[in-house]
Visitor: 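Starting off with a structure, shown below.
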Amino acid sequence: MQDIMIRIETDDFEAWQEQHYLHAGNRARYGITDGPAYRDLDNPNAALFHIEVEDLDTAMQWFASDTFIEATRLARVTGRSFYLAQPQARRQPAPA
C-alpha cells in the first residue's frame, strides 16, 4: 500500500467535488481508496486529498485515463500536485 497526497486547485470547487464523487467507483477499480480531504483555509478553490493505493503503477493509470482527463476538464481543475507520503511510526517518550 502507498499513501498519496494530491493538492488540487480549481476554478469551481463544487464542479470539482461533483466530478470527484461521480468517479469514486472508477478510482476503486484502479485500486484507489479515498481518504480524508482538507480544504484550504486561504483558498476555497483548493484542497489536499489523502488517498491510499494498492499498487502505485496501477493507480497512476487512472490519472492518465481518458475518463479522468475529461472529468478534470469538467471539474475546471487549474492545478494538481502529487506527493508520496510515508506514515511515520509514533515515537514513544524517553523514560524519565
Side-chain angles (χ1 to χ4, degrees):
M1 293 289 202
Q2 174 71 58
D3 291 287
I4 301 175
M5 304 295 286
I6 305 170
R7 178 178 168 79
I8 64 100
E9 295 182 20
T10 177
D11 285 336
D12 182 344
F13 191 82
E14 285 71 30
W16 175 86
Q17 193 171 27
E18 178 182 336
Q19 289 298 312
H20 178 74
Y21 289 116
L22 182 65
H23 293 285
N26 289 329
R27 287 190 301 280
R29 284 189 281 284
Y30 285 86
I32 299 170
T33 302
D34 289 341
Y38 309 94
R39 199 158 180 188
D40 192 314
L41 295 175
D42 296 324
N43 178 355
N45 286 327
L48 184 68
F49 294 89
H50 181 181
I51 61 173
E52 186 176 82
V53 302
E54 294 173 13
D55 177 77
L56 186 58
D57 291 333
T58 301
M60 294 311 287
Q61 290 174 20
W62 161 246
F63 297 106
S65 72
D66 291 340
T67 302
F68 176 80
I69 292 167
E70 177 63 9
T72 295
R73 185 186 68 76
L74 294 172
R76 301 177 59 192
V77 171
T78 59
R80 181 179 290 109
S81 302
F82 291 83
Y83 305 90
L84 298 180
Q86 296 296 325
Q88 302 298 309
R90 190 172 199 174
R91 292 185 182 175
Q92 298 296 323

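Excluded from the calculations below are hydrogen atoms, water molecules and symmetry mates; all remaining heavy atoms, backbone and side chain alike, are included.
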Visitor: May I ask you to check whether His20 and Phe49 place their ring centres under 6.0 Å from each other?
Guide: yes
Visitor: Test your reading of the model: is there a side-chain donor-acceptor pair from Ser81 to the backbone of Ile6, 3.5 Å cut-off?
Guide: no
Visitor: Please confirm whether the backbone N or O of Phe82 pairs with a side-chain atom of Arg7, one donor and one acceptor, at under 3.5 Å?
Guide: no
Visitor: Main chain of Val77, side chain of Thr72: is a donor-acceptor contact present, judged purely on distance under 3.5 Å?
Guide: no
Visitor: With rounding to the nearest 0.5 angstrom, report the CG to CD1 distance, Leu48 to Ile8.
Guide: 9.5 Å
Visitor: Please name all residues satisfying salt bridge (Lys or Arg N to Asp or Glu O under 4.0 Å) with Arg73, sequence neighbours left out, ordered by chain then number.
Guide: Glu70
Visitor: Quick check: do Met60 and Asp57 have side-chain heavy atoms less than 4.5 Å from each other?
Guide: no
Visitor: Any side-chain heavy atom of Asn45 within less than 4.5 Å of one from Glu9?
Guide: no
Visitor: Is the distance between the ring centroids of Trp16 and Tyr21 under 6.0 Å?
Guide: no
Visitor: Could you state the interatomic distance from NE2 (His50) to CE (Met5), rounded to the nearest 0.5 Å?
Guide: 6.0 Å
Visitor: Using atom types as modelled, flag every donor-acceptor pair under 3.5 Å from a side chain in residues 30-37 to any protein atom, sequence neighbours excluded.
Guide:
from, atom 1, to, atom 2, distance (Å)
Asp34, OD1, Arg27, NE, 3.0
Asp34, OD2, Arg27, NH2, 2.7

Visitor: In terms of the angle between their ring planes, are Trp62 and His23 parallel, tilted or perpendicular, with boundaries placed at 30° and 60°?
Guide: tilted
